[in-house]
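Notes to accompany the following structure.
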Amino acid sequence: MTTTGHPASAAGAEPGEPLAVEFANTLFRSRGRLRDDIAATDQLAAWLQGHATALGLANGGPLADVELTDTQTADFLALRDAIRSLIRAATENDQAREEDLAHLNACAAAAPHWVRLRFGKDGFTTNVATDRPPVPAALAALAGSAAALLAGPERHDLRACHAPGCMMFFLKDHPRREWCSAGCGNRARAARHYLRHRER
């Protein structure tokens, strides 16, 4: 397995996927090799910092001062594996594994949170608050994002990319969308073209 130093969106998936899908897609294939964008603690820290707003950690402030441990990185990798397995079950209309459900629920419970209402120059706004440190709060936010996605109406739009060698997920946000990215669509069409001409 190879680790890379770029965000998952650079691996090919279109930006703007739900947080849980972006997190699941940090494990991907590129040029036939398995790649992991969060395998090392510094990579995970950068990914979390880049997604701080989506994680409910305003401006990434609390994360900027955190030194992740190898154990914490392993916790995030285990959550990602559970989320990938649950998304795969959803895309294949398959039974979810109990151990994945239990792991996701345990991570979600790591940092209870609530909505806090504020009033400022832009009027009323809300943010998610917790009394837990930023690392368990981020873990819980990712688990919560996956739970909301899998139990919500967008679950029916979840897809696994079926381009040759791809293992990413995406939300089908257009009736004609069949792949996670334009690059995967091009590879799939090229593979079909090759097979048609080889069979002649």
Side-chain angles (χ1 to χ4, degrees), residues 1-4 7-9 11-14 16-30 32-41 43-44 47-48 51 54-56 68-113 128 130 132 134-173 177-181 184 188:
M1 182 181 314
T2 303
T3 59
T4 64
S9 61
E14 298 295 324
E17 296 293 351
L19 181 63
V21 173
E22 286 194 20
F23 184 59
N25 286 343
T26 58
L27 184 67
F28 61 96
R29 289 194 193 288
S30 178
R33 298 178 70 191
L34 190 61
R35 308 254 182 193
D36 191 336
D37 270 352
I38 62 168
T41 56
Q43 293 173 308
L44 175 59
W47 191 91
L48 292 172
H51 292 81
L55 291 166
L68 288 168
T69 66
D70 289 341
T71 300
Q72 290 169 327
T73 299
D75 291 342
F76 279 94
L77 295 176
L79 176 60
R80 183 191 56 195
D81 291 346
I83 290 172
R84 287 187 61 82
S85 177
L86 293 167
I87 291 175
R88 191 173 303 107
T91 62
E92 296 173 1
N93 291 320
D94 204 358
Q95 185 74 25
R97 295 180 347 167
E98 285 298 321
E99 57 267 27
D100 294 327
L101 291 168
H103 188 74
L104 184 127
N105 289 329
C107 289
H113 58 276
V128 177
T130 183
R132 298 299 196 271
V135 173
L139 197 67
L142 287 165
S145 171
L149 175 66
L150 292 165
E154 288 183 321
R155 178 193 60 166
H156 303 291
D157 295 326
L158 270 172
R159 299 289 188 273
C161 184
H162 292 293
C166 189
M167 56 190 281
M168 294 183 126
F169 302 104
F170 65 96
L171 274 187
K172 186 171 182 164
D173 55 0
R177 185 173 180 193
E178 296 296 326
W179 304 284
C180 70
S181 68
C184 274

Return yes when atom CD of Glu99 has more than 12 non-hydrogen atoms of other residues, nucleotides or ligands closer than 6.0 Å, and no otherwise.
yes
is_close_aromatic(Trp47, Phe23), centroid dist under 6.0 Å
yes
Carboxylate-amine/guanidinium contact Glu178 Lys172, below 4.0 Å
yes
Please find the pair of heavy atoms, one from His103 and one from Asp75, that lie closest to each other, and give the distance.
NE2-O, 4.3 Å
Report the C-alpha distance between Phe170 and Leu158 in whole Å, list the side-chain angles of each, state the deciding distance to 0.1 Å, and finish with yes or no for side-chain contact (heavy atoms from CB on, under 4.5 Å).
CA-CA 6 Å; Phe170 65 96; Leu158 270 172; over 6 Å; no
Please table the atom pairs, donor to acceptor, closer than 3.5 Å between any side-chain atom in residues 137-155 and protein atoms at least two apart or in another chain.
from: Ser145; atom 1: OG; to: Ala20; atom 2: N; distance (Å): 3.2

Does the salt bridge (charged side-chain N to carboxylate O under 4.0 Å, His left out) test come out yes or no for Arg177 and Asp157, once each step is laid out?
CA-CA 11 Å; Arg177 185 173 180 193; Asp157 295 326; over 6 Å; no
Do Val21 and Ile83 come close enough that some side-chain heavy atom pair is under 4.5 Å?
no
Full working for side-chain contact (heavy atoms from CB on, under 4.5 Å) between Asp81 and Asp100:
CA-CA 8 Å; Asp81 291 346; Asp100 294 327; over 6 Å; no
Spacing of CD belonging to Glu17 relative to CG belonging to Leu171, to within rounding of 0.5 Å
5.5 Å
Between Ala160 and Thr91, what is the shortest heavy-atom contact and its length?
N-CG2, 3.8 Å
Donor-acceptor pair, Thr73 side chain versus Thr69 backbone, under 3.5 Å?
yes
Hey, is the main chain of Ala40 close enough, under 3.5 Å, to the side chain of Gln43 for a donor-acceptor pair?
yes
Taken to the nearest 0.5 Å, the spacing of Asn25 CG from Phe169 CZ works out to 7.0 Å
Nearest 0.5 Å, please: how far is CE in Met167 from CG in Leu27?
4.0 Å
Interatomic spacing from CG in Asn105 to CD in Glu98 - rounded to 0.5 Å
9.5 Å
Could you state the interatomic distance from CE (Met168) to SG (Cys161), rounded to the nearest 0.5 Å?
9.0 Å
From CZ (Arg97) to CG (Leu104), nearest 0.5 Å
12.5 Å
Short side-chain to backbone donor-acceptor contact, Arg84 and Ala24, under 3.5 Å:
yes
Closer than 4.0 angstrom, basic N to acidic O: yes or no for Arg80 and Asp36?
yes
